[in-house]
Amino acid sequence: MARSALDEMSDTGAFLRTASTFRNFISKDPNSQFPPESGRYHLYVSYACPWASRCLAYLKIKGLDKAIGFTSVKPIWERTKETDEHMGWVFPTSNTEEPDAELDPFNGAKSIRELYELASTNYNGKYTVPVLWDKKFKTIVSNESAEIIRMLNTEFNDIAENPALDLYPPHLRAQIDETNEWIYSGINNGVYRCGFARKQGPYDEAVKQLYETMDKCEEILSKQRYICGNILTEADIRLFVTLIRFDEVYAVHFKCNKKLLREYPNLFNYTKDIYQVPGMSSTVNMQHIKRHYYGSHPTINPFGIIPAGPNIDYSSPHDRARFSS
């Protein structure tokens with residue numbers, strides 16, 4: 001049966017995210033089924049989705065957007081097939097229907113679901129973005145964002161415009177892995193555990209962990225420019241995609257309102273700092289972000305009303321340059 005994130009519930013009313021399914025790797029290994037080739041791969045994203053946005057961020061800051069194209073779906077979930085009630089990511093019916101969303105340029109798919117069905121005849125998981133598509137074999141290489149960003153970081157350096165940027169440097173890998181783990185649990189997935197909880201107990205538990213983790217980040221960022229030291233790493237990109245959505249969406253829609261991002265001086269300025277990395281701002285489409293969350297979860301926001309604010313200017317000055325790099 002076709003499923004979405006709203007169906008991932010435990011008996012206690014807690015949100016439980018399931019693992020991704022397509023886990024192939026693009027590799028420079030001579031025997032690789034998926035070698036890094038310019039023009040061969042395509043990234044399907046939603047600007048609204050934080051997991052897809054971190055892949056798009058890598059395309060931009062590594063200078064790979066000429067070698068790997070990308071297409072964004074419409075922000076609000078719609079019926080993906082006439083034969084069932086599944087709601088999910090769909091492409092527009094024309095390139096002028098929805099600003100910043102485009103038709104599928106290679107397969108003529110009407111939805112992300114159709115791409116999954118092209119790649120696997122018996123797929124029964126979620127139809128998520130990102131999708132890293134191989135045009136040669138007409139299949140999904142990967143739908144796991146954590147692994148896609150690792151491929152983009154190293155495997156395409158021969159054709160990247162910014163190959164010297166290493167967001168997962170060997171000397172910091174252990175620290176990055178450990179940081180990713182507690183940030184994912186407390187913040188990246190934590191906001192969803194708050195927002196999708198269907199009982200008070202799981203919400204209370206999730207919101208407590210969320211703010212403990214936010215406080216921990218604030219403390220770390222009072223002493224250094226980035227989350228793993230004084231250089232930009234993968235951990236920063238993974239944290240940023242949640243923080244940029246925090247006050248605009250999660251504070252209201254997911255009931256993460258105990259304290260706003262703007263009330264954390266270091267975290268707030270840090271978010272502006274990452275936003276101002278060349279290429280990053282183009283990956284943040286707040287119209288798509290707000291329309292998706294407020295318009296795609298009728299069990300949380302039945303009338304689809306989109307709040308007016310707060311319309312934060314993340315391009316305004318920050319104080320993060322006070323830390324030596």
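For clarity, every value in this text was computed on a predicted model and none was experimentally measured. Only this structure's heavy atoms are used, side chains among them; waters, hydrogens and symmetry mates stay out.
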Specify the closest pair of heavy atoms between Phe254 and Cys194, including all atoms of both residues, with the distance to one decimal. O-CB, 3.5 Å
Can you tell me how far CZ of Arg79 sits from NZ of Lys110, rounded to the nearest 0.5 angstrom? 15.5 Å
Knowing that exactly one of Thr179, Asn153, Asn180 qualifies, which makes a side-chain hydrogen bond (donor to acceptor under 3.5 Å, both in side chains) with Glu234? Asn180
Can you tell me how far the CD1 atom of Ile305 sits from the OH atom of Tyr294, to the nearest 0.5 Å? 12.0 Å
Between Trp89 and His292, is the ring centre distance below 6.0 Å? yes
Assigning hydrophobic clusters by single linkage (Ile, Leu, Val, Met, Phe, Trp, Tyr; side-chain heavy-atom cutoff under 4.5 Å), is Trp51 placed with Met286? yes
Test Tyr127 against Glu117 for side-chain contact (heavy atoms from CB on, under 4.5 Å), laying out the working first. CA-CA 9 Å; Tyr127 306 105; Glu117 291 171 345; 4.1 Å; yes
Any side-chain donor paired with an acceptor under 3.5 Å for His288 and Ser46? no
Write down the atom of Lys62, the atom of Leu152, and the distance for their closest heavy-atom approach. CE-O, 3.6 Å
Salt bridge between Lys216 and Glu212, side-chain N to carboxylate O under 4.0 Å? no
Shared hydrophobic cluster for Phe106 and Leu103 (ILVMFWY, side-chain gaps under 4.5 Å): no
What is the ring orientation for His253 with His297, classed by angle as parallel under 30°, tilted 30 to 60°, or perpendicular over 60°? parallel
Arg193 side chain to Ile187 main-chain N or O, any donor-acceptor pair under 3.5 Å? no
Centre-to-centre under 6.0 Å for Phe240 and Tyr270, is that the case here? no
If every non-hydrogen atom of Thr128 is compared with every non-hydrogen atom of Tyr116, which pair is closest and at what distance? O-OH, 2.7 Å
Could you tell me whether the side chains of Arg198 and Thr299 share a donor-acceptor contact shorter than 3.5 Å? no
How long is the gap from CG on Leu64 to CE on Met151, to the nearest 0.5 Å? 13.0 Å
Would you find a donor on one side and an acceptor on the other, under 3.5 Å apart, between the side chain of Glu248 and the backbone of Ile312? yes
In terms of heavy-atom contacts, Val90 and Val73 come closest through O-CB, 3.3 Å
Does the side chain of Asp104 pick up a donor-acceptor pair with the side chain of Tyr44 at under 3.5 Å? yes
Between Gln33 and Arg40, what is the shortest heavy-atom contact and its length? O-NH2, 3.3 Å
Any chance you could measure Ile306, atom CD1, to Lys290, atom NZ, to the nearest 0.5 Å? 7.5 Å
Return the CD1 to CD1 distance between Ile68 and Ile148, rounded to the nearest 0.5 Å. 9.5 Å
For residues Val131 and Phe22, determine if any side-chain heavy atom of one lies less than 4.5 Å from a side-chain heavy atom of the other. no
Ignoring hydrogens and geometry beyond distance, is a side-chain donor-acceptor pair present between Asn188 and Thr242 at under 3.5 Å? yes
Taking the inter-plane angle between the rings of Tyr275 and Tyr314 on a 0 to 90° scale, is it parallel (under 30°), tilted (30 to 60°) or perpendicular (over 60°)? tilted
Measure the CD-CG distance between Gln209 and Asp204 for me, rounded to the nearest 0.5 Å. 13.5 Å
Grab the two heavy atoms, one from Arg322 and one from Leu221, that are nearest each other, plus how far apart they are. NH2-O, 4.4 Å
If you draw the axis of the six-membered ring of Tyr211, does the NZ or CZ of Lys259 fall within 45° of it and under 6.0 Å from the ring centre? no
Joint hydrophobic cluster, Tyr293 plus Ile76, side-chain heavy atoms closer than 4.5 Å: no
Would Phe268 end up clustered with Leu260 when hydrophobic side chains under 4.5 Å apart are linked, directly or stepwise? no
